[in-house]
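These values consider heavy atoms only, across backbone and side chains, with no hydrogens, waters or symmetry-generated copies.
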Amino acid sequence: MEPKISEKAWNPELEKNILKQWEENKIYEFTPEENNFTIDTPPPYPSGRPWHIGAAAHYSQIDMIARTARMAGKNVYFPIGIDRNGLPVELYTEKKHKIRMRETERGEFLNLCRDALDDLEAEMILIMKNLGISGDFANYYRTDSEEYRTLTQSTFIKLWKKGEVYLANRPNNYDWVSGTTIADAEIIYDDLQTKLVYMKFKIKDTDQEIIIASTRPELLCACKTIIVNPEDERYSKYIGKKIIVPITNSEVELRTHHSAKEEFGSGAVMVCSYGDQNDVALFRELQLEEIVAIGLDGRMTDVAGEYAGLKPKQARTKIIEDLETAGFVEKIEDIVHRTPISERSKIPIEIIPMEEYYLKQKEKIGKMKEVGKEITFHPTMHKQILMNWLESINIDWPISRRRFYGTEIPIWYCKNCSEPHVPEPGKYYRPWNEKCPITNCTKCKSTEFIGEERTFDTWMDSSVSPLFISKFNRDDEFFKKVYPVSIRPQAKDIVRTWLYYTLLRCDELTGEKPWSEAWVMGYGLDEKGMKMSKSKGNAIDPLPVIEKLGADTFRFWSASEINHGYDFRCNEQKIESTKKFLSKLWNVSRFLSSFPVIDSGIPNASDKWILSELDKLVKECKKGYEEYNFFIPAIAIREFTWNVFAAHYIEMVKARAYGIDFSDEERDGAIFTLHKTLATILKLLAPITPFITEHLWKILYSNESIHQQKQVSVENIEEQTDITKEISEFNSKVWNEKKSQNLSLKDSIKIEIPKILEPFKKDLKSMHNLLD
RNA sequence: GGGCUCAUAGUCUAGCUCGGUUAUGACGUCGCCCUUACACGGCGAAGAUCCGGUGUUCAAAUCACCGUGGGCCCA
């Protein structure tokens, strides 16, 4: 019989057509029932080109979760979203159009951001579709849509009314030239010439003094403590002593802290609010009371005494003179100092405390630990990231950002008495651009309001994704059926943010945990194990790889190379070599396609043996799929298909399947077993490589999609592992013997068959052309 | 700088919980081979002081301690 498959290798071009069929037949459509399996898909962020190849691997695996669940008979809801709020697109837009956010009209800037996002998003959607992601693309959502932002704002309003939000001071990076706070990502560093002043500080009630070197003597008025390294023996006798700060004459304590470096300056460091980021950390850690020495106008405040009103640089010059006059200076060194600079105005930034909104979280940590305990993590070890984070949270969550492209904080302030007014939930508000929805201030009856200009931290948006996809506040019936959702897949680097904030917010809003399972994946690194980045030039663009090799090759690589939960290396050559397995599968199928599919047959010893091995494979795959660990089935299927089924079994039964020197009954036993085995392999592999399995399945077995089949179940056949070993050893022995005698594989040879293989004698004889 | 986490041939990986064979298997490399499913194939070979050190033990890849390196997050 002619094989139904004629091509000699799997052609990835076929994927396009299969994709079209899936789309036309809508085989992944979802309507809510009682027993739903909902995936809280991470909405990827379009931050630039190319998309990270690790992310493509990540989404491939999330799709495997969906397909596994579908074949397990679950009603799968697999939403697709795009995260579009936040800083990266603002920076991307500024660079692309060579403009500055704050010098551009806000509405116009937002439009430019939106266009940039649309472009980047289109490419990501294309990649996701081409990867065979079986999600709901027709209804994909955006976190910057009116609907989504309405949800973010409504949930904020709810929390505001419950008293969960408060205002507090927080140190910000401040660019006083452009008059704005700036994000860490907008800070560049430059080596600037500056003076390192060695100052004499008196130790209280003694005549001794210690030397402290600083580049910021003008901040003496904001000095709250002196630190030295705990190992530094020079100062051990002064620990806990009071030190008199020159000029201001205030008293501070000398303490130890590991961040003080013995070799820098004198080894003793003055800690001021705020000279640098380390000061910020120390003020928080040591719970020091901050002093605001520099104002929003970039000038010294009243606490600076006679230096008030001067710019820090002027104040520095003056205070150095005064210190010298008063004899407080030991020496002055000219040094080059790595200074944080605003990317936009190129001046050194100042760190200034400013009022920001905070969402309470400290008092919820205990509750979050309880919720965390109830959630099953895949793999288990990554629960530790959450638990460790919960242990180390020591401040509430600052949720406001002085940025443009984000969900607006829905507050209007009374122009007269500054009373904040929060509108009713259920609508999307843009306070910077809209009139206050109320007409009179509830406190002073004034009619004029100022809209809040700030936006939310993006995690305020993303942390309600389970609520958005389950139509919280929008469709109660749908919500009831879908929430809590089933599983949250995500990467391990955002456990502390996305995963944690989702737990916090969903618990606050619904009193229920958002999902029962969390699936945490590792991080994609380059082939040397280094982080990929555009600047290092080691980033791999996934799109050409997928276009060249096909989605299934990429997906099988992802499954077989990435041990679940661990970081993984991306290597193009290795991805390419994965394609060989698909070719093997293709050719096994091509061979089988020359035999009719028959419903039953009487298996002989060889058939029973391979069926027992097959059952063992099913068992192992089931174990992997239950944990959504695709590494296990991928490796097991490849091993079985290539090294057991194709290498030994097919060779053993080839002649029997052709019916040469065998009875019809013996022949049918082989054909039946061959097809049963292949059909099982295809189903087991379907979640991992959906295209090739679909193609082969339809040619060989059914008009109905393989993705609408139920996964095969374990039959609990007794294992014959020892037989497998004997067979492969015997076959090796024959092949080696023929090789050493310079015989062709089809030549006859006389070799004794071991006793244990007696039941397989006829098949082995025909396979090797053995003489009696 | 701090916390967490990982470490087995060039690469991925089994074994480690509960110490005891010659340390699994695959990719890649090299050699030979067209054998009617497949040269994107078959057969075979080489390749690992199990990151380093110290300890416990008759015995350590496996247990303990101290380092080193990578990654992630925070600063």
Atom-to-atom span, [atom1] of [X] to [atom2] of [N] - whole angstrom:
X	N	atom1	atom2	result
F556(A)	rC12(B)	CZ	P	17 Å
W557(A)	rA26(B)	CH2	P	21 Å
I635(A)	rU24(B)	CD1	P	17 Å
F568(A)	rA7(B)	CZ	C1'	18 Å
L549(A)	rC40(B)	CG	C1'	12 Å
W10(A)	rG41(B)	CH2	P	17 Å
D747(A)	rG42(B)	CG	P	21 Å
F640(A)	rU24(B)	CZ	C1'	19 Å

Nearest to the side chain of [X], heavy atoms from C-beta on, is which of [options]?
X	options	answer
F631(A)	rC6(B), rC12(B), rG41(B)	rC12(B)
K574(A)	rA26(B), rC40(B), rU11(B)	rU11(B)
R638(A)	rA75(B), rA26(B), rC43(B)	rA26(B)
Q384(A)	rU5(B), rU11(B), rC38(B)	rU5(B)
K8(A)	rA39(B), rU35(B), rU13(B)	rA39(B)
D493(A)	rG31(B), rU35(B), rC73(B)	rC73(B)

With a 4.0 Å cutoff (strictly under), does any side-chain N or O of [X] reach OP1 or OP2 of [N]?
X	N	answer
W642(A)	rG42(B)	yes
N563(A)	rA14(B)	yes
S589(A)	rA37(B)	no
R590(A)	rC38(B)	yes
N643(A)	rA26(B)	yes
K654(A)	rU36(B)	no
Y658(A)	rA37(B)	yes

Inset, instruction - On RNA chain B, check which nucleotide each of N736(A) and R496(A) is closest to and give me the residue with the more 5' one. - result: N736(A)
Inset, instruction - Assign each of A281(A) and N388(A) to its nearest nucleotide of RNA chain B by heavy atoms, then name whichever residue's nucleotide is nearer the 5' end. - result: N388(A)
Taking [M] as the reference, what is the distance to [N] when you measure between their [atom1] atoms (whole Å, please)?
N	M	atom1	answer
rG41(B)	rU68(B)	C1'	44 Å
rC66(B)	rU5(B)	P	14 Å
rA60(B)	rG15(B)	C1'	13 Å
rG47(B)	rU36(B)	P	34 Å
rA46(B)	rA23(B)	P	13 Å
rC30(B)	rG69(B)	C1'	31 Å
rA14(B)	rC63(B)	P	15 Å
rC65(B)	rG70(B)	P	23 Å

Legend entry - Salt bridge K622(A)-E626(A), side-chain N to carboxylate O under 4.0 Å: yes
Inset, instruction - Answer yes when R401(A) and D457(A) have at least one side-chain N-carboxylate O distance shorter than 4.0 Å, and no when they do not. - result: yes
Legend entry - Check: K548(A) and E576(A) side chains under 4.5 Å, non-hydrogen atoms: yes
Inset, instruction - Kindly indicate whether the side chain of S558(A), heavy atoms from C-beta on, has any atom under 4.5 Å from the side chain of M64(A). - result: yes
Legend entry - Main-chain N/O of I5(A) paired to W586(A) side chain as donor or acceptor, under 3.5 Å: no
Legend entry - Under 3.5 Å donor-acceptor, K738(A) side chain and L745(A) backbone: yes
Is any N or O donor-acceptor pair between the side chain of [X] and the base of [N] shorter than 3.5 Å?
X	N	result
K584(A)	rC38(B)	yes
E639(A)	rA14(B)	no
K739(A)	rC43(B)	yes
S577(A)	rC27(B)	no

Which base, if any, makes a Watson-Crick or G-U wobble pair with [N], both distances under 3.5 Å?
N	result
rU54(B)	rA64(B)
rG44(B)	rC30(B)
rU49(B)	none
rC12(B)	rG25(B)
rC4(B)	rG71(B)

Inset, instruction - May I ask you to say what E651(A) touches in the nucleic acid, namely base, sugar-phosphate or nothing, with a heavy-atom cut-off under 4.0 Å? - result: base
Inset, instruction - Just call it for A646(A): base, sugar-phosphate, or nothing, with non-hydrogen atoms closer than 4.0 Å on any strand. - result: base
Legend entry - Straight-line distance of L617(A) CG to F645(A) CZ, nearest 0.5 Å: 11.0 Å
Legend entry - Between CG on residue N278(A) and CD1 on residue I227(A), distance to nearest 0.5 Å: 6.0 Å
Legend entry - Exceeds 12 heavy-atom contacts within 6.0 angstrom, atom CD of Q741(A): yes
